[in-house]
Undergrad: 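Just passing along the structure, written as C-alpha cells.
What you see is a predicted model; the values in this text were computed from it and never measured.
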Amino acid sequence: QVQLVESGGGLVQAGGSLRLSCAASGRTFSSYAMGWFRQAPGKEREFVAAISRNGGNRYYTDSVKERFTISRDDAKNTVYLQMNSMKPEDTAVYYCAASETWGTYLLRTTPGQYNYWGQGTQVTVSS
C-alpha cells in the first residue's frame, strides 16, 4: 500500500507558476508509475500528466504541453508537477495517483489504471 499527500496548491494570477508536490509513504515508490489528474467544478476528473517508474517516459494532455512538467525523485518518494504560464482554465482540484506497474517504461493515463489517490490540492488561477 501507499499513501499520497499533495501540497503546493494555492491562488496564482494568470501567467504565473506553481509547483505541486506529492509525497508517498512506503519503501516501494519506485514500483509505481505516477500521474496527475485534475477536476474542475461540474466536470469529470481529467488526466494531466504521467511519468513512468524509471522517469524515462512522460506524457501530457495537449492543453498543458509546453507549460507543465512532471518529474519524480525516488530518493524523496515524491512526484512533482511544475506548472508555468498558468491559465484560468487550469483552475481545479489536482490529484496525484500511483499505479503499481511491472514495466519500468509504462505510462498510465486513465483513472481506472491507478490504484492509489491523494486527497487533492486546490489550484485557482485568477484572470
Side-chain angles (χ1 to χ4, degrees):
Q1 278 223 351
V2 63
Q3 292 184 328
L4 304 172
V5 179
E6 301 98 334
S7 61
L11 174 64
V12 65
Q13 288 188 334
S17 298
L18 281 177
R19 188 176 81 154
L20 304 183
S21 299
C22 174
S25 65
R27 296 176 292 176
T28 59
F29 181 69
S30 60
S31 299
Y32 297 92
M34 301 298 295
W36 286 96
F37 290 76
R38 66 187 180 187
Q39 188 166 18
K43 295 187 176 181
E44 293 187 352
R45 190 169 298 189
E46 67 167 347
F47 168 78
V48 176
I51 189 167
S52 59
R53 281 179 51 191
N54 63 2
N57 263 349
R58 307 177 192 195
Y59 186 74
Y60 303 90
T61 192
D62 286 346
S63 63
V64 308
K65 285 180 181 176
E66 309 300 329
R67 300 190 298 121
F68 290 11
T69 301
I70 188 171
S71 61
R72 64 187 296 158
D73 185 340
D74 287 1
K76 295 182 178 180
N77 282 9
T78 301
V79 63
Y80 303 97
L81 186 68
Q82 178 66 45
M83 305 184 292
N84 299 327
S85 302
M86 297 187 71
K87 303 175 181 180
E89 51 263 43
D90 295 322
T91 295
V93 177
Y94 283 69
Y95 300 89
C96 75
S99 173
E100 197 163 12
T101 306
W102 287 107
T104 57
Y105 278 94
L106 293 179
L107 295 167
R108 298 289 184 246
T109 61
T110 61
Q113 294 175 308
Y114 285 86
N115 308 102
Y116 304 102
W117 293 84
Q119 83 289 350
T121 185
Q122 176 69 46
V123 171
T124 303
V125 184
S126 63
S127 57

Undergrad: Between S52 and N54, what is the shortest heavy-atom contact and its length?
TA: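 Heavy atoms of S52 and N54 come nearest at OG-OD1, 2.9 Å.
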Undergrad: Look at the side-chain heavy atoms of Ile, Leu, Val, Met, Phe, Trp and Tyr, link any pair under 4.5 Å apart, and say whether V64 and L81 land in one connected group.
TA: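 Shared cluster, yes.
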Undergrad: Go through the steps for N84 and S17 under the test side chain to side chain contact (heavy atoms under 4.5 Å, CB included), then give the verdict.
TA: CA-CA 4 Å; N84 299 327; S17 298; 2.9 Å; yes
Undergrad: Ignoring hydrogens and geometry, is there a side-chain-to-backbone donor-acceptor pair from Q39 to A92 under 3.5 Å?
TA: no
Undergrad: Donor-acceptor pair, distance only, cut-off 3.5 Å: does the side chain of Y32 make one with the backbone of A97?
TA: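 Side chain of Y32 to backbone of A97, a donor-acceptor pair under 3.5 Å: no, none is there.
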Undergrad: In this structure, which one of V125, D90, V123 forms a side-chain contact (heavy atoms from CB on, under 4.5 Å) with M83?
TA: V123
Undergrad: Distance check, rounded to the nearest 0.5 Å: C96 atom SG versus Y116 atom OH?
TA: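 Answer rounded to 0.5 Å: 13.5 Å.
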Undergrad: Looking only at non-hydrogen atoms, find the nearest pair between A14 and P88 and report the distance.
TA: CB-CD, 4.2 Å
Undergrad: What residues, two or more places apart in sequence or in another chain, satisfy salt bridge (Lys or Arg N to Asp or Glu O under 4.0 Å) together with D74?
TA: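 For D74, the residues satisfying salt bridge (Lys or Arg N to Asp or Glu O under 4.0 Å) (neighbours in sequence not counted) are R72.
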Undergrad: S71 and R58: side chain to side chain contact (heavy atoms under 4.5 Å, CB included), yes or no, with the steps?
TA: CA-CA 8 Å; S71 61; R58 307 177 192 195; 4.3 Å; yes
Undergrad: With clusters built from Ile, Leu, Val, Met, Phe, Trp and Tyr whose side-chain heavy atoms come within less than 4.5 Å, directly or transitively, what are the remaining members of the cluster of W102, listed by chain and number?
TA: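 ILVMFWY cluster around W102 holds nothing else.
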Undergrad: Within a radius of less than 6.0 Å around NZ of K65, do more than 12 heavy atoms belonging to other residues, nucleotides or ligands occur?
TA: yes
Undergrad: Please tell me if the side chains of T91 and Q122 come closer than 4.5 Å, counting only heavy atoms from C-beta onward.
TA: yes
Undergrad: With a 4.5 Å cut-off on side-chain heavy-atom distances among I, L, V, M, F, W and Y, is there a chain of contacts connecting V2 to L106?
TA: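 As far as the 4.5 Å side-chain criterion goes, L106 and V2 are not connected within one cluster.
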Undergrad: For E6 and G120, indicate whether the former's side chain and the latter's backbone hold a donor-acceptor pair under 3.5 Å.
TA: yes
Undergrad: When you measure from the side chain of S85 to the backbone of R67, do you find a donor-acceptor pair of N or O atoms at a distance under 3.5 Å?
TA: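 No: the side chain of S85 does not pair with the backbone of R67.
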Undergrad: Can you tell me if R53 uses its side chain to pair, donor with acceptor, with the backbone of T101 under 3.5 Å?
TA: yes
Undergrad: Clusters formed by hydrophobic residues whose side-chain heavy atoms approach within less than 4.5 Å: which one holds W117, and what are its other members?
TA: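 When side chains under 4.5 Å apart are linked, the cluster holding W117 also contains F37, F47, Y59, V93, Y95, L107, Y114.
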Undergrad: Applying the 4.5 Å side-chain criterion to the ILVMFWY set and letting contacts propagate, would W36 and M86 be lumped into a single cluster?
TA: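 W36 and M86: one cluster.
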Undergrad: What's the spacing between T78 OG1 and L20 CG if we round to 0.5 Å?
TA: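 One gets 12.5 Å once the value is rounded to the nearest 0.5 Å.
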Undergrad: Return the CD1 to CG distance between I70 and N57, rounded to the nearest 0.5 Å.
TA: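 Separation between the atoms: 11.5 Å.
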Undergrad: With a 6.0 Å cut-off (strictly less than), is the heavy-atom count around CD of Q3, excluding the residue itself, greater than 12?
TA: no
Undergrad: Identify the two heavy atoms, one from D73 and one from F29, that lie closest to each other, and give their separation to 0.1 Å.
TA: O-CE2, 4.2 Å
Undergrad: Taking atom CE of M34 and atom CD1 of I51, what is their separation to the nearest 0.5 Å?
TA: 9.5 Å
Undergrad: Starting from V79, can I reach F68 by hopping between I/L/V/M/F/W/Y residues whose side chains sit under 4.5 Å apart?
TA: yes
